[in-house]
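A short worksheet on the structure shown next.
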Amino acid sequence: MLALLCVVSLGFISCGSDDDDDELPAKPVITLTEIGHDNSKHAHPGHDLHLEADVVAEGLIKSINIEIHQENGGTVKIEKAYTNGKYIGVRNTEFHEHIDIPENAPLGEYHLHFVVTDNNGQQTVAESDIELVEDDGDDDEDEHEHHHE
């Protein structure tokens, strides 16, 4: 009887999944390195927002989605999706883009969501506050602005 119990117990123990092949790679890691000129976390309506991040995705990048939405009950939402191109299908990348801010976007507090999804469906979100402020005509800042399509 004891021998039968040992055999049955061994059967249950060995049925457990010790297969490392079933484990997913680590979720993507995002480091927001610059939001706005000189990481000011400011943007101006009618201009673009300089955005840089380092991304590491062991499961390879499937998409990068940017959402900037107005805080305090506002309804303005700016969205940009990257689903093909230089950031997709790679493990490590330095994201550097300029997100267009509509000219009619109201001044005030906004919130940024930077979402990376890997080929396994795992997502990581990095967030930051942003403020839309009046353009002060700072020539230094204008020199660094680029307009991308």
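Because only heavy atoms are used, hydrogens play no part in the values below, and waters and symmetry mates are left out as well, while side chains stay in.
For the atom pair CD of E58 and NZ of K27, the computed distance is 13.5 Å after rounding to the nearest 0.5 Å. Expressed to the nearest 0.5 Å, how far NE2 of H111 lies from CD of E127 amounts to 3.5 Å.
The two residues F114 and V55 make their nearest non-hydrogen contact at CE2-CG2, 4.0 Å. G59 and N120 make their closest contact through CA-ND2, 3.8 Å (heavy atoms, listed as atom of the first residue, atom of the second, distance). When every heavy atom of S63 is checked against every heavy atom of I88, the shortest pair comes out as CA-CD1, 3.9 Å. Considering every non-hydrogen atom in both A53 and T33, the closest pair reads N-OG1, 3.6 Å.
In terms of hydrophobic clustering, with Ile, Leu, Val, Met, Phe, Trp and Tyr side chains grouped at heavy-atom distances under 4.5 Å, Y110 and L32 are assigned to a common cluster. Hydrophobic clustering (side-chain heavy atoms under 4.5 Å, transitive across Ile, Leu, Val, Met, Phe, Trp, Tyr) keeps Y82 apart from V29. L51 and V56 sit in two unconnected hydrophobic clusters of ILVMFWY residues. Membership requires side-chain heavy atoms under 4.5 Å apart, directly or through other members. Both I66 and I78 are assigned to one and the same hydrophobic cluster, defined by single-linkage of ILVMFWY side chains at heavy-atom distances under 4.5 Å. Two different hydrophobic clusters hold I68 and V133 under the rule that ILVMFWY side chains link at heavy-atom gaps under 4.5 Å.
For the pair E34 and N39, the minimum side-chain heavy-atom distance is below 4.5 Å. V76 has its side chain out of reach of L132: every pair of non-hydrogen atoms, C-beta onward, lies at least 4.5 Å apart. Annotation: side chain of K62 is not in contact with side chain of D118 (no heavy-atom distance under 4.5 Å). Side-chain contact between H37 and H50: absent, with no pair of heavy atoms (C-beta onward) separated by less than 4.5 Å. Contact annotation: the side chain of N72 approaches that of E109 to within less than 4.5 Å [non-hydrogen atoms, C-beta and beyond].
Formation of a donor-acceptor pair under 3.5 Å by the Q122 side chain with backbone atoms of P25 is found in this model. Judged purely by atom type and a 3.5 angstrom limit, Q70 uses its side chain to pair as donor or acceptor with the backbone of T75. T124 places a side-chain N or O within 3.5 Å of a backbone atom of P28 that can act as its donor or acceptor partner.
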task = Could you walk me through whether T93 and K86 pass side-chain contact (heavy atoms from CB on, under 4.5 Å), step by step?
result = CA-CA 9 Å; T93 192; K86 63 184 174 183; 5.9 Å; no

Quiz prompt | Derivation and outcome, side-chain contact (heavy atoms from CB on, under 4.5 Å), residues T117 and Q123 | solution = CA-CA 4 Å; T117 304; Q123 282 191 342; 3.1 Å; yes

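Using a 30° and 60° split on the angle between ring planes, H69 and H113 fall in the parallel class, below 30°. The aromatic rings of F95 and Y87 are tilted relative to each other, their planes meeting at an angle between 30° and 60°.
No option in I99, L49, N65, I64 other than I99 meets the side-chain contact (heavy atoms from CB on, under 4.5 Å) test with K80.
Checked against a 6.0 Å centroid threshold, the rings of H44 and H42 do not count as neighbours.
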